[in-house]
Amino acid sequence: MSSEDIRFLHSGPLSPIKRWGTKWSLWPVHLVTACCGVELAHAYACGYDAERIGSLNYGICRQTNVIIVEGAITRKMAKVLRITWEQMPNPKFVIVMGACGLKGGLFWNSYHMVRPSEVVPVDFFVPGCPPTPEALIRAIVQLQDKIMTGEAKTSAEFKEVDLGKLLGVVEEAKPKKPPKSPKKVDPKPEIVIDKPKEVEWEFGQKLVEELQKELAGLFESITITDINRICVKIRSDNLLTVASKLANRFDHVKSVNVIDVPHENKFIVEYVFGSYSNKELMPVLVNVATEVPRDDPRIASLAKVFPSADYMEREMHELFGVWFEGNPWMGRNFLLSPDTPKYPLRKDFKLEEDSYVLEG
Ligand code: SF4
């Protein structure tokens with residue numbers, strides 16, 4: 001249907017029937033983007049039953065006329081949102097729920113956030129974190145009222161947008177000052193990962209003694225940091241040997257973390273080992289921590305010894321630029337959108353707003 005046809009239907013003699021039909025046929029496409037989606041589910045479940053006001057979720061965008069954006073939209077998701085919107089027939093409406101959809105909310109000033117209003121034309125915002133189901137239903141009812149009075153914008157009234165240009169505006173966006181951080185940051189924070197704690201943990205004391213024997217000559221310190229928590233500090237060139245020895249007791253790497261310490265020109269790399277097969281070790285987490293220089297952050301990959309380390313190493317590589325030698329995914333894009341600026345979790349990463357805002 002052309003823009004002219006839609007305008008005729010909205011303002012011509014058939015317009016009351018058209019508006020009435022649209023009012024009672026607001027069908028949002030299933031596009032759950034973040035945790036606000038739970039509240040959307042709540043609004044449509046039996047308690048609130050949004051279907052009684054003529055709104056019913058549909059799975060296929062070509063048979064829907066509303067997008068309810070549930071909270072955060074990331075750089076990757078922005079393209080999905082826009083492509084979904086492009087595929088929906090006219091007239092179509094957009095409701096954005098959640099503080100994240102307004103201006104980033106919880107993720108304000110984060111490298112991966114995009115405001116939905118810069119990707120699609122928005123009819124209603126529903127504030128809150130998360131907004132209540134009542135608030136969402138109120139937005140739907142208000143949209144219906146606006147449709148009936150003819151005030152609701154239809155997509156036909158928005159200027160045509162060149163999707164290719166829109167998605168490629170990263171280079172063309174006008175320079176803007178990055179927003180100020182709301183936080184006070186200590187320029188030289190003291191980072192202690194092996195602070196000992198006096199706890200009653202007999203099994204832990206025994207385990208530490210055994211680890212001290214097994215890893216003799218390979219560690220700098222082994223500390224109980226809490227009940228069920230042990231920190232083993234090592235030199236980075238001993239990582240592979242230490243991991244091979246720990247493989248006798250622990251069967252997986254639970255997480256890989258990197259701490260950026262720019263004022264000491266280093267990264268702290270941590271591998272957390274756990275066990276699913278040994279009942280006594282199940283609650284225990286052993287944190288093996290080492291340091292690598294910040295200007296050449298290279299360390300051996302543990303992916304061959306512990307396959308579960310693989311994707312977490314790739315993630316740390318993309319976020320911090322640490323190179324895990326032996327992991328075949330190094331240097332390749334994995335999690336982030338390809339246009340994300342490099343190493344967004346480094347402390348000196350500067351968010352340039354023009355690099356993530358899409359302007360139509
Ligand atoms: S507004 Fe709150 S509930 Fe909604 S997506 Fe953001 S963080 Fe989640």
Side-chain angles (χ1 to χ4, degrees), residues 26-51 53 55-59 61 64-85 88 92-143 167 178-185 255 257 315 318-319 335-337 339-341 344-345 349 351-353 355-360:
L26 287 177
W27 294 343
V29 62
H30 266 298
L31 188 83
V32 175
T33 58
C35 28
C36 276
V38 178
E39 299 306 317
L40 173 109
H42 197 176
Y44 283 86
C46 48
Y48 290 92
D49 191 14
E51 197 180 338
I53 54 168
S55 182
L56 176 64
N57 275 280
Y58 256 56
C61 46
T64 56
N65 55 0
V66 184
I67 293 185
I68 299 177
V69 178
E70 296 106 4
I73 289 291
T74 58
R75 297 163 73 97
K76 264 189 177 176
M77 199 62 194
K79 293 178 187 176
V80 177
L81 173 63
R82 181 70 199 194
I83 289 164
T84 306
W85 186 82
M88 287 162 56
K92 51 198 170 189
F93 311 95
V94 180
I95 294 172
V96 172
M97 57 188 297
C100 293
L102 287 168
K103 208 172 182 239
L106 187 66
F107 310 106
W108 181 82
N109 199 12
S110 182
Y111 65 93
H112 62 304
M113 293 299 292
V114 174
R115 285 180 216 124
S117 58
E118 311 202 42
V119 182
V120 290
V122 178
D123 296 274
F124 274 98
F125 288 99
V126 189
C129 178
T132 57
E134 293 96 325
L136 176 59
I137 288 175
R138 187 161 175 247
I140 296 169
V141 170
Q142 285 193 323
L143 179 58
L167 296 178
K180 281 187 189 152
S181 167
K183 291 179 283 184
K184 287 193 174 164
V185 181
S255 70
N257 313 311
E315 191 180 14
E318 282 191 35
L319 295 170
L335 284 168
L336 302 179
S337 161
D339 56 355
T340 307
L345 288 197
F349 175 82
L351 183 71
E352 291 172 19
E353 187 152 336
S355 69
Y356 74 91
V357 171
L358 296 171
E359 290 187 343

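Computed over heavy atoms, backbone and side chain alike; hydrogens, waters and symmetry mates excluded. Indexing begins at 1, ligand by ligand and atom by atom, following the structure's order.
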**Student:** Any side-chain heavy-atom pair from I67 and P28 closer than 4.5 angstrom?
**Tutor:** no
**Student:** So does H112 get a backbone contact from the side chain of K76, meaning a donor-acceptor N/O pair under 3.5 Å?
**Tutor:** no
**Student:** Considering only heavy atoms of G128, which atoms of ligand 1 have at least one such atom less than 4.0 Å away?
**Tutor:** 1 (S)
**Student:** Spell out, as yes or no, whether a donor-acceptor pair under 3.5 Å connects the side chain of D123 to the backbone of V94.
**Tutor:** yes
**Student:** Under 3.5 Å, side-chain donor or acceptor atoms of residues 35-45 against the rest of the protein: list the pairs with distances, not counting sequence neighbours.
**Tutor:**
unit_1: Y44; atom_1: OH; unit_2: S55; atom_2: OG; d: 2.7

**Student:** Less than 2.8 Å away from atom 6 (Fe) of ligand 1, how many protein N/O/S atoms can be counted, ignoring water?
**Tutor:** 1
**Student:** Which atoms form the tightest heavy-atom contact between G101 and F125, and what is the distance?
**Tutor:** O-CE2, 4.0 Å
**Student:** Less than 4.5 Å apart, side chain to side chain, heavy atoms only: is that true for Y111 and L319?
**Tutor:** yes
